[in-house]
Structure formats: C-alpha cells, structure tokens
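Numbering of residues begins at 1 and proceeds along the displayed sequence. Side chains are part of it too, since the values below use all heavy atoms of this structure and drop only hydrogens, waters and symmetry mates. Order of listing sets the numbers, starting from 1, for every ligand and every atom in it.
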Amino acid sequence: MRVFLAGATGAIGRRLVPMLLDAGHEVLGMTRSAEKASSLRAAGAEPVVCDALDAAALGDAVLQARPEAVVHELTAIPQQLNPRRIERDFVLTDRLRTEGTRNLVAAAQAAGAQRILAQSVAFVYEPDGSGRPHGEEDPLYRDVPKAFRRTFGAIKELESTVDEAGGTVLRYGYFYGPGTALAADGSLAAQARRRQLPIVRGGSGVWSFIHIDDAARATVAALSGPPGIYNVVDDEPAPTREWIPAFCEAVGARRPMRVPAFVARIAAGTYGALVMTRAEGASNARAKQQLGWIPEHRTWREGFRHALD
Ligand SMILES: NC(=O)c1ccc[n+]([C@@H]2O[C@H](COP(=O)([O-])OP(=O)(O)OC[C@H]3O[C@@H](n4cnc5c(N)ncnc54)[C@H](OP(=O)(O)O)[C@@H]3O)[C@@H](O)[C@H]2O)c1
C-alpha cells in the first residue's frame, strides 16, 4: 500500500517507518523540515515537506502523493511536561488534533485514499470505580478540570472527524521506550531522579501503558484491519503505587516519595492530581480480536526492565 505518514519524524513515526517498509508498504513521510527530510530518505521513505496547518499546501502534497492510506501521528507535545501548564503547552497539539485532522481528512478524501488512521489516547475514560479496564464503548470524561478542557475537546473532535470519515482511531496508552519521555534518557526518568515523581494518596490512579514498538506494530496491523476505534494498550493496567516504584528502580532513581492529594494539587494542579489518583486503565481485547495484534511486551513490568535499563 502507498502510505502517507503525517508525523513520520515523531516519537511513534520514527518507529513506524521501518515497520511499514518491512511489511512491504511504500512510505511517504511528512515533515516540516528539509533536514529531517534527508533522514527520512535515508530511512527508506519518500519525504514530503509540508505543514499540516497549511490546508492548501497539504491538499496539494497529498494529492500528488496519491496514497492509498493516510496515517495521522501529528502531535507537538513538549519533552518536559508540566501538568500545571497543559493549556499553554498543548496549544499546537490541540490545533493539530482539530484543524490538522480536518485538513488531513479532507486531503485524504480528495486524493481518493481508502484508509485513514489517526492517533488518540486511551487515558480519557470516565472513571467508574468498577476496577474493570475500559472498553472502547465506555464513556469518556464527563467533567474535566479546566486546564484539560480544551485538550480533551480537541481529542474528541479528532475522533469524531476520523470516525465520520469511516477511518480508524487508535487510542494509544502511555508510551514508553526509545524516544519517549519514559526512556532511560527521557524527561520522566530525569524527574524521577530528582524525586519529583511521587506516589499520590496511596497510588490509587491506574495507567495503561504501551511500548512504542508495540504501538507501531498495532498501527501496521490496523492498516489492513476493520475500521473502528481501538485501545492500543498492554495486558496489565498499572496502579501508580506499583508502576512508579518499578519505573524508579528501572531508571536508577531512589524510591519515590509519598504525598497526600492536596500536595499534588498544589504541585501539579487538579488535572495532575486526577491522573495520579482517579485515572483508570483500558482493555486491549478488541484490538487483539479484530486486528490479530498481540503486544510483544505483554506487561509494563517486563517492558520497563527491558526498555529502560
Ligand atoms: N500516548 C502517549 O503517551 C503519547 C502520544 C504522543 C506523544 N507522546 C510523547 O510526547 C513526546 C513528544 O512526542 P511527539 O511525537 O509529540 O513530538 P515529536 O517527537 O516532536 O513529533 C511530532 C511529529 O509531528 C510533526 N509535526 C508537528 N507539527 C507539525 C505541523 N504543523 N505540520 C507537519 N508536521 C508536524 C513533527 O514533524 P516535524 O517536526 O519533522 O515537522 C513530528 O513528526 C514524546 O515523549 C512522546 O512519547 C506520548
């Protein structure tokens, strides 16, 4: 298949290019920079230099590329995440999820691409306290802290734009592994070594992780699977009281501190405290069943040791 990959130089895009090529696809990799275009060419992709927020230029670029599939992996998330600064730090990512998605879907449709895939997240389900990992039909947040409201709206808009176009939404868990914040040289590891990754209120929040290569493998599988919404997460949702100490150990940090929720609210804001205390995990049953995909790193317990050493 001819695959137009928007975000080919990003955290997941870099892992996806060689896997798409290995699977026999032709890859047209988009970047805004001439320098990164050379590295895409060296990796075996055909570079396309374009800005996703320039609708006319993107329309021309996709039309010329004549892709059969368009994959949207565009984000602009700062390496150093500060949950108190989400509104400021996610301005561009939110634009890429709204305007960028509309531009890309319109360009894909005008070029006659049969398949559209886009990146979303598996960590915005409304907590229900059941202890059961969330499936794709479960409701998303009903009431989100103000700091996260615009970003949450952008995620929902991306999903509805892609869904209405008959495309596939990949709700990835939290990435870990090479090139992500959760790598030995990543920003979260640096934060843990500064002892700024505490266990909040007994560590009741639950996260779902995915190794970046498993996320890329699921994306390749989704290119030929039925369109729909898929959680792309590992098999074992991870309570913060368990994954934070394991992460600290894997990256050579000292044991994490324990703090009450009000301290986390002061340090990390209401949204930061929410993800540490009330977040709930997601289920990968649908992706396994419909895409025939199985994560190689079945659980973060083994994955952290392997990827963060
Ligand atoms: N589920 C998750 O946990 C998750 C999801 C996403 C990101 N992250 C994390 O966030 C951090 C940063 O990752 P990232 O992938 O957002 O950043 P990144 O590594 O800088 O990649 C962003 C990609 O989007 C492209 N891009 C951005 N704006 C564009 C525009 N206007 N037009 C065209 N292309 C544009 C970039 O292309 P050029 O710069 O080459 O133009 C690049 O390919 C990493 O630690 C990553 O793990 C986590």
- Message: Looking at Arg15 and Glu73, is any side-chain nitrogen of the basic one under 4.0 Å from a carboxylate oxygen of the acidic one?
- Response: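 Looking at Arg15 together with Glu73, the answer is no, because their closest N to O distance does not fall below 4.0 Å.
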- Item | Under-4.0 Å salt bridge between Lys288 and Asp235 |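 Result for this pair is yes, salt bridge flagged.
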For [X] and ligand 1, does the shortest N/O to N/O distance drop below 3.5 Å?
{"X": "Asp51", "answer": "yes"}
{"X": "Phe123", "answer": "no"}
{"X": "Pro78", "answer": "no"}
{"X": "Leu92", "answer": "no"}
{"X": "Thr9", "answer": "yes"}
{"X": "Ile12", "answer": "no"}
{"X": "Leu53", "answer": "no"}
{"X": "Glu73", "answer": "no"}

- Item | Rounded distance [0.5 Å steps], CD in Gln114 versus CE in Met1 |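 Between Gln114 CD and Met1 CE, I get 9.5 Å after rounding to 0.5 Å.
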- Item | Straight-line distance of Ser208 OG to Arg171 CZ, nearest 0.5 Å |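 It is 12.5 Å, given to the nearest 0.5 Å.
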Proximal ligand 1 atoms for [X], defined as those under 4.0 Å from one of its heavy atoms:
{"X": "Thr31", "value": "38 (P), 40 (O), 41 (O)"}
{"X": "Ala8", "value": "43 (O)"}
{"X": "Leu74", "value": "24 (O), 25 (C), 26 (N), 33 (C), 34 (N), 35 (C)"}
{"X": "Lys36", "value": "38 (P), 39 (O), 40 (O)"}
{"X": "Thr180", "value": "45 (O), 47 (O)"}
{"X": "Gln119", "value": "5 (C), 6 (C)"}
{"X": "Met30", "value": "33 (C)"}
{"X": "Tyr174", "value": "3 (O)"}

- Proximity to ligand 1 by part of Cys50, non-hydrogen separation under 4.0 Å: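 It is the backbone that touches ligand 1; the side chain stays farther off.
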- When you look for heavy atoms under 4.0 Å from ligand 1, do you find them on the side chain of Leu96, its backbone, both, or neither?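 Leu96 to ligand 1: side-chain contact only, backbone stays beyond 4.0 Å.
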Hey, any chance [X] and [Y] share a hydrophobic cluster, counting ILVMFWY side chains that come within less than 4.5 Å of each other, even indirectly?
{"X": "Ile294", "Y": "Val233", "result": "no"}
{"X": "Ile212", "Y": "Val27", "result": "yes"}
{"X": "Leu117", "Y": "Phe175", "result": "yes"}

- Query: Which protein non-hydrogen atom lies closest to atom 46 (C) of ligand 1, naming both residue and atom, and how far is it?
  - Reply: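 Nearest neighbour among protein heavy atoms for atom 46 (C) of ligand 1, to 0.1 Å: Ala11 CB, 3.7 Å.
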- So, does Arg95 sit close enough to ligand 1 that a heavy atom of it is under 4.0 Å from the ligand?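 Judged by the 4.0 Å heavy-atom criterion, Arg95 does not count as contacting ligand 1.
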- Close approach of Gly100 to ligand 1, heavy atoms, under 4.0 angstrom: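 Checking ligand 1 against Gly100, which is what was asked, there is no heavy-atom contact under 4.0 Å.
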- Task: Tell me, please, which residues at least two apart from Arg301 pass salt bridge (Lys or Arg N to Asp or Glu O under 4.0 Å).
- Result: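 Once residues adjacent in sequence are excluded, the partners of Arg301 under the salt bridge (Lys or Arg N to Asp or Glu O under 4.0 Å) criterion are Glu236, Glu242.
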- Query: Hey, are the side chains of Ile155 and Leu140 touching, using non-hydrogen atoms and a 4.5 Å cut-off?
  - Reply: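 No, too far: nothing below the 4.5 Å cut-off.
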- Query: Does atom 20 (O) of ligand 1 have a protein non-hydrogen atom under 4.0 Å from it?
  - Reply: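 Looking at atom 20 (O) of ligand 1, one finds that no protein heavy atom lies closer than 4.0 Å.
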- atom 9 (C) of ligand 1 touched by protein heavy atom at under 4.0 Å: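 It does not: no protein heavy atom is found less than 4.0 Å away from atom 9 (C) of ligand 1.
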- Mind checking what makes side-chain contact (heavy atoms from CB on, under 4.5 Å) contact with Leu53, not counting sequence neighbours?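 Once residues adjacent in sequence are excluded, the partners of Leu53 under the side-chain contact (heavy atoms from CB on, under 4.5 Å) criterion are Asp51, Leu92, Arg95, Leu96, Glu99.
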- Message: Could you check whether Asp234 and Tyr176, counting side-chain N and O atoms only, form a donor-acceptor pair closer than 3.5 Å?
- Response: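 Note: Tyr176 and Asp234 side chains miss the donor-acceptor criterion.
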- When the ring centroid of Trp207 is compared with that of Trp243, is the distance short of 6.0 Å?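 For Trp207 and Trp243, the ring centres are under 6.0 Å apart.
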- Item | Crowding at NZ, Lys156 (>12 non-hydrogen neighbours, <6.0 Å) |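 Atom NZ in Lys156 is not packed in, count stays at 12 or less.
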